[in-house]
Structures are given as structure tokens and as C-alpha cells.
2 protein chains.
Amino acid sequence: MSTFGYRGPVSDRPFHHGNLRAVLLDQAETVLRERGIDALSLRELAREAGVSHGAPRSHFIDRNALLDALAERGFVRLADEIRDAVSRAPGDHARVLRAAGSAYLRFAVREPALLDLMFATKVDGPSGAVRSAAERLFDTMTGIMGVGVEAGAYDAGDVGRLTLLLSATVQGISALVTSRRIPTPQGEALVDDAITIFLAGVSAVR
Amino acid sequence: MSTFGYRGPVSDRPFHHGNLRAVLLDQAETVLRERGIDALSLRELAREAGVSHGAPRSHFIDRNALLDALAERGFVRLADEIRDAVSRAPGDHARVLRAAGSAYLRFAVREPALLDLMFATKVDGPSGAVRSAAERLFDTMTGIMGVGVEAGAYDAGDVGRLTLLLSATVQGISALVTSRRIPTPQGEALVDDAITIFLAGVSAVR
DNA sequence: ACCCGAAAGTAGACATTGACTAGTTTCTAG
DNA sequence: CTAGAAACTAGTCAATGTCTACTTTCGGGT
């Protein structure tokens, strides 16, 4: 990797890594996925990136800052995946919701520790970046639900509340699955049930 | 290490603490509540209990074992509180469910870090003790829901699934509140909405 | 009453880690 | 070209979890 380092330190590695921040985040995500949050060490990340143990500090003031960045990226990716799944699944509103919920659960199963991080209780609440990334996810969900208004599934004034409710439900099911309270297939069935009952309930109540 | 001769330690503190395990758990719970999980240190707990830093090892082989014990106690207490709230709130089935959901959310707000712990993703799944404590909570919920069967709210064969669904929903709402995505009062309103829609949906679907 | 093993606790050691600091190298804007 | 900022190195420190060897106390069986 010494493309141009005609005069690096001891090794031929250039002084500046180039994109250390992104590499650290990627590696951290892998560690999180494979060995859990307790195994996530700044020093180990630095070692594997081939930089000194102090280098990460230029990009993340704290271990916590690294975790926040991971959570933020998590929200962005989750929103992307949900949008993707929805766009790939045209059809009636129920089908769309199922696709969204299913994508959410898939993400949870693939990245359980990351999801934990995303909804972790912080002493002083979430950082600004995490909060706004979470809000963007919520906006995505709201957009999906909004289609139901046009389809006559619910009133425009209720979309916010109902989006929150359905999101919470899917998040709760995901928590049951990732904490191994129920197996994944049962979680998937539960998502379907949830959406069926949700839609029936909403239309019955109003 | 007979630096202090044949007598006990310098202080008049007896060699055996007496109920160190319980004291450690209580203190740990307080730390968890007030300063979060990152501030939870075995050595600090030992210091404040007035024992050596190795003493906790007699009761908890690991920091993880301590956390498991906390999670287990958390499930037991949550189940107790829900039973309590339900017993104190007679009335129709909807009211009972609201009392249960409300108690769940109150617990979550009071002990957010503990709830995180209870549903944390562990690399190798929950320990046996945690798992069975969680199952006892689920049994409690099932019992509450079972009353609805007699009241004709749902079929006996659906109780398991529906209990899971409602539990997940309340857990998800709690996660939204403890992660500061929504304020507590909104969470409370959401629990009410959830139960209303749930009951309406269930009776509409079957 | 005694003994002996198990349980509970002490103390010391060790590697690892997060965090901080001072100094060095590279980049970049003016 | 240069000055200052950004990125990185290297050293240090206190704290922690974990392990081990040892000591004290407890309690049951004879």
C-alpha cells in the first residue's frame, strides 16, 4: 500500500492513511457483527488498520464517538434498505408495509449488535447526528405510511401516530428476535400478523 | 498474607461480608440507573461494598455474570410490577391490558439501562437463568391475555401469538421512549393507541 | 468436640484499554 | 512559499477485568 511513500517512517506505509475514518468504521462494523460490542476496541481497530493507537483520535474523540458514528450509519443504511425493499415491492398498501417490516427485521437479524447500539439508552440522550439520522429513518417510514392515506387506509392527521406505532411494533419484534426470545421465522410471521391486525384495527377504529 | 497477624483485618469488619452478592446487585442496579452501564465496574462495586477487588469473583465469575444476574432480576421485577398493576386495575379486558402496558413503560422509564440489558444482544444468546426469567415474564403476560379468551376477545389458540405481538409492541414503544426518540407522555399515549388498535384489529380479523 | 473440605475473601500480578500529551509529518489555503 | 491546521506517532497514566496463590471462616459428618 505504499503507492507513494518514498520517505515514510520505518515502514513504507505513508504517514497519512488516506481514509482512516471510513476504514475504522467498516472494521468496527465487522467486529460488532462478529464479536459483539464488548470486543470493539479502538486500539485493535488501529492495529488492524496499520496505524498507531492514537490515530483514531483524529477522527473520533471518544470510543463513544465511534459508536455514535456507527449508530448513525446504521440508521442511514436501515432507511436505505427499507426504501429499497418498498420500491421493489409494488402492490397494495399491506404488501408495501410487509416489505418494509420484513426489511427491518432482516436488518436486525443481520446486524443485531448494531441495532442495539442504535436504540441504546445513553445517559444524556442520543447525539445530534444520531438523533437526526433516526429522524430520517422515521421520515422514511412516514413516507411509506403516507401512501396509505391516499389509498384511504387512514386519515392524514393520524399518520404520525400510526407510523410511530407500527415502527415501534416492528422494532419490538426485532428485539425479541435479536435477543433470542423467539426464532427468526417466528419473528417474520409476527411481522405479518402485526401488519394484518394493525390495518384491520385502524380501519375498524376510525 | 498475615500482615495483620492473627486478628481480623484492620477494621472491625468481619471477614465474611454476609450478603455480598445481594449488596453488589443492589449497588450495581443503582449505578446502572444513575450512570449507565459503562460506569459499572466490578472493582468500584467491591470498593463501595468494603471488600477487596477480588471478592465479587466468589459470586460472579465474570462481569458478564453480574450483568446476567441483573437482567434476570429485572425480568422478575418487571413481571411482579405488571402483575401488581393488573391486580390493582380491575375492569374490562382493555383496561387490564392498559394497566399492564403502562406498568411496562413505567418500568422502562425508571430503569432504561436495565431494560437495555434485559434485551441486549449477546453473542451466544441469553444465559439459561436470563432466558427462563424472560419466559416467566412472558408467562405472566400470557396469563393476563388469557383472561381475554374467557371474555371472548380472542380464541384460545391465538393467545400465544397475540401475547407475543402485544409484548413486542409495548417493548418497542419502551425502546422509543428510553432511547429518547419520543417523550414519555407520547409513549404513554402510544401504549393506549396500541391496545385500542390491537383489540379492534383482533376482533375484526377473526 | 473435632476435623476437614468447601465457600468466601485478601492481595498481588498482568495484559489491555481509553484517554491524554507533546512532538512530528503532511496537507492545504492564502 | 509559507504558516497553520490536520493527521499521525509515541509515550505515559490510571483503571479495569481476570487470574492465581493464599488465608480465613463456615458448616456438616463423625
Side-chain angles (χ1 to χ4, degrees), chain A residues 1-25 27-28 31-32 35-70 117 120 122-123 127, chain B residues 1-28 31-32 35-70 117 122-123 127:
Chain A
M1 40 171 41
S2 64
T3 30
F4 22 60
Y6 52 87
R7 221 180 64 97
V10 183
S11 75
D12 56 358
R13 144 175 57 95
F15 189 85
H16 280 107
H17 180 285
N19 62 336
L20 182 55
R21 192 190 138 95
V23 168
L24 289 176
L25 284 175
Q27 283 182 349
V31 172
L32 209 55
R35 292 186 288 143
I37 192 172
D38 290 337
L40 195 56
S41 139
L42 288 177
R43 287 175 105 108
E44 184 187 316
L45 291 179
R47 279 193 300 269
E48 293 189 358
V51 294
S52 76
H53 68 265
R57 198 167 212 269
S58 304
H59 304 278
F60 307 102
I61 187 62
D62 249 358
R63 180 178 192 264
N64 221 328
L66 192 256
L67 297 183
D68 277 350
L70 283 174
L117 211 51
K122 300 291 207 55
V123 251
S127 75
Chain B
M1 201 23 37
S2 53
T3 38
F4 35 67
Y6 62 93
R7 285 180 359 93
V10 182
S11 75
D12 55 1
R13 147 174 55 94
F15 186 88
H16 280 107
H17 182 286
N19 62 337
L20 181 57
R21 191 189 139 96
V23 167
L24 289 176
L25 284 175
D26 285 345
Q27 284 181 350
V31 172
L32 209 54
R35 292 186 287 144
I37 194 172
D38 290 338
L40 195 54
S41 139
L42 288 178
R43 287 175 104 108
E44 184 188 317
L45 291 178
R47 278 193 301 269
E48 293 188 358
V51 294
S52 75
H53 69 266
R57 198 167 213 270
S58 303
H59 303 280
F60 306 103
I61 187 64
D62 249 358
R63 180 178 191 265
N64 221 329
L66 192 258
L67 297 184
D68 277 349
L70 283 174
L117 212 49
K122 300 291 205 57
V123 248
S127 75

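Reminder, nothing fancy here: chain letters follow the sequence lines and each chain counts from 1.
Residues A:Ala55 and A:Leu20 share a closest heavy-atom pair of CB-CD2, 3.8 Å.
Put simply, CG on A:Asn19 is 13 Å from C1' on D:dA7, counting in whole angstrom units. Distance CG (A:Leu24) to C1' (D:dA7): 12 Å, rounded to an integer number of Å. Rounded to an integer number of Å, the gap from CG of A:Leu45 to P of D:dC8 is 14 Å. As rounded to whole Å, 16 Å separates atom P of D:dT16 from atom CG of A:Asp38. Remark: P of D:dT16 and CD of B:Glu48 are 11 Å apart, rounded to the nearest angstrom.
For B:Arg47, the salt bridge (charged side-chain N to carboxylate O under 4.0 Å, His left out) criterion is met by no residue, not counting sequence neighbours. For B:Asp62, there are no side chain to side chain donor-acceptor pair (under 3.5 Å) partners, not counting sequence neighbours. Among residues two or more places apart in sequence or in another chain, the side-chain contact (heavy atoms from CB on, under 4.5 Å) test is passed with B:Arg63 by B:Ile37, B:Leu40, B:Leu42, B:Leu67. Every residue two or more places apart in sequence or in another chain was checked for a salt bridge (charged side-chain N to carboxylate O under 4.0 Å, His left out) with B:Glu48, and none qualifies. The salt bridge (charged side-chain N to carboxylate O under 4.0 Å, His left out) check on A:Arg43 picks up nothing, with sequence neighbours excluded.
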Within the sub-3.5 Å range, which N or O atoms of nucleotides 16-20 of chain C have a protein N or O partner, and how far apart are they?
residue	atom	partner	partner atom	Å
C:dT17	OP2	A:Arg47	NH1	3.4
C:dT17	OP2	A:Arg47	NH2	3.4
C:dG18	OP1	A:Leu42	N	3.2
C:dG18	OP2	A:Leu42	N	3.1
C:dG18	OP2	A:Arg43	N	3.3
C:dG18	N7	A:Arg43	NH1	2.5
C:dG18	O6	A:Arg43	NH1	2.8
C:dA19	OP1	A:Asp62	OD1	3.1
C:dA19	OP2	A:Arg63	N	3.0
C:dA19	N6	A:Arg43	NH1	3.1
C:dA19	N6	A:His53	NE2	3.4
C:dC20	OP2	A:Arg57	NH2	2.6

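Considering only side-chain N and O atoms, A:His59 lies nowhere under 4.0 angstrom from the phosphate OP1 or OP2 of D:dA6. OP1 or OP2 of D:dT9 lies within a sub-4.0 Å distance of a side-chain N or O belonging to A:Ser52.
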